[in-house]
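As structure tokens, the structure follows; a few thoughts come after it.
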Number of protein chains: 2
Amino acid sequence: MFNKETEYALRGLVYVRVQQILGHKPGIIEIATEIDAPLFYTGKILQRLVKMGFLMSSKGKGGGFYFDLLKPDLPLKTIVEAIEGGKAYSGCGFGLKQCNDDNPCPLHEQYAPIRASIDKLVTLNTVQSLALNYKNGEDILLKL
Amino acid sequence: MFNKETEYALRGLVYVRVQQILGHKPGIIEIATEIDAPLFYTGKILQRLVKMGFLMSSKGKGGGFYFDLLKPDLPLKTIVEAIEGGKAYSGCGFGLKQCNDDNPCPLHEQYAPIRASIDKLVTLNTVQSLALNYKNGEDILLKL
DNA sequence: ATATTAAAAGACCTTTTGGTCTTTTAATAT
DNA sequence: ATATTAAAAGACCAAAAGGTCTTTTAATAT
Ligand code: FES
Ligand code: FES
């Protein structure tokens, strides 16, 4: 569904958010370990997220990653689009240059609703909502 | 949804099937042009499909690509799995090592049904059924 | 001040994906 | 036989994705 970078980003962000709820500010080593992602790559990805303004960080002793709680919830779609580009799930399933109701490819009728529900999923779910699900013990987050 | 190679393969196969219905046996130049795909790459992909037994070809004058009409219909899933590997849409949306109803990631509940409908789509649709749709004028196949 | 801690920056590398092109092989028509 | 046609084979190349590692910068504690 998502590429590796997006996966690590999403897992990392949700992990940080859960820890923040618990009053903890994790660093890259902890995050990478807990979400079962490559250490340095995870670090690089988190830095990018900070530079893009989705996440905050502090250096030095006691440093780590955290969220600005004043900002509004962060929909998955925002992250996915920032990482994979705006047309991540907007294209035609058959690869036609444009997807068009009036000029449908052979898959359009069946694929268009699926694509719409993916869009809904990433629009409605936010890092915060997933973190709450997790914290409530409804979901697991990591490797098995 | 699919990677480029799979897209070209699907478009190419459906195109060949449509032409076969019309009593024509197209070659790579025609196919690549009509499905708006890179010429040599398309050739390579079609050759692979022939070697895998999904498609037939003949060399020399009057040669081209066609289907063995005695074979059963070819589900998209078979092609996708042959090209992208078996776990194309079986994995966890969050990237966990295994997707499990009893140990769900934060996206599982919403993503699992979507994944199931993608599976249904590629299982039920075949090259032949899409070709018929196209031939009946219900769909466009190519570029615009 | 300085030692320690931890993120930021960035160079570098590997694998996969996507793509191009030339040469060879096989079929057909003359 | 041979010229022509068209797929098969395979070498080669470029970009993107995925990943590693070292050096630098900034914060904190002593
Ligand atoms: S035209 Fe192909 S999915 Fe809409
Ligand atoms: S556990 Fe993640 S989709 Fe099922």
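These numbers come from a predicted model, not from an experiment. The sequence lines fix the lettering, A, B, ..., with proteins before strands; numbering per chain opens at 1.
- Here the SG atom belonging to C105(A) is positioned 5.0 Å from the CG atom belonging to L96(A), to the nearest 0.5 angstrom.
- If F40(B) and G27(B) are placed on DNA chain D by their nearest nucleotide, the residue sitting closer to the 5' end is G27(B).
- When rounded to the nearest whole Å, the span between CG of L46(B) and P of dA6(D) equals 15 Å.
- Within 4.0 Å of L39(A), counting heavy atoms only, lies no atom of the nucleic acid at all.
- In this structure, NZ of K51(B) is placed 16 Å from C1' of dA26(C), rounded to the nearest angstrom.
- Sparse packing is recorded around CD of E109(A), with 12 or fewer heavy atoms of other residues, nucleotides or ligands lying under 6.0 Å away.
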Polar-atom pairs under 3.5 Å, protein N or O versus N or O of nucleotides 11-16 of chain C: list them with distances, or write none.
residue	atom	partner	partner atom	Å
dA11(C)	N6	K44(A)	NZ	3.3

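- Between A9(A) and I79(A) the shortest heavy-atom distance is CB-CG2, 4.4 Å.
- With distances taken from any side-chain atom of Q47(A) to the nucleotides dG18(C), dA8(C), dA8(D), the minimum falls on dA8(C).
- Atom pair E84(A):CD and dA17(D):P shows a separation of 9 Å (rounding to whole Å applied).
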Which donor-acceptor pairs under 3.5 Å do the side chains of residues 42-57 of chain A make with protein atoms, sequence neighbours left out?
residue	atom	partner	partner atom	Å
T42(A)	OG1	P38(A)	O	2.6
R48(A)	NH1	E5(A)	OE1	3.3
R48(A)	NH1	E5(A)	OE2	2.7

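- The shortest distance between the side-chain N/O atoms of Y8(B) and the OP1/OP2 oxygens of dG19(C) is below 4.0 Å.
- A search for side-chain hydrogen bond (donor to acceptor under 3.5 Å, both in side chains) contacts involving D101(B) returns H108(B), not counting sequence neighbours.
- At its two ends the helix from dA1(C)-dT30(D) to dT30(C)-dA1(D) runs along axes set 0° apart, each axis drawn from five pairs and the angle rounded to 10°.
- Of the side-chain N and O atoms in Y41(A), none sit less than 4.0 angstrom from OP1 or OP2 of dC21(D).
- From F2(A), atom CZ reaches atom OH of Y111(B) across 8.0 Å, with rounding to the nearest 0.5 Å.
- Within the nucleic acid shown, I28(A) comes within 4.0 Å of sugar-phosphate atoms alone, with no base atom in reach, counting heavy atoms only.
- Here K25(B) pairs with S58(B) under the side-chain hydrogen bond (donor to acceptor under 3.5 Å, both in side chains) rule; sequence neighbours left out.
- Follow the hydrophobic side-chain contacts under 4.5 Å out from V18(B) and you never reach L69(B); the two are in separate clusters.
- Atom CD1 of I29(B) has 12 or fewer heavy atoms from other residues, nucleotides or ligands within 6.0 Å.
- Side-chain atoms of E30(A) and Y15(A) form a donor-acceptor pair, as typed in the model, at a separation below 3.5 Å.
- For the segment residues 57-66 of chain A, residues with any heavy atom less than 4.0 angstrom from an atom of DNA chain D are, sorted by number, K59(A), G60(A), K61(A).
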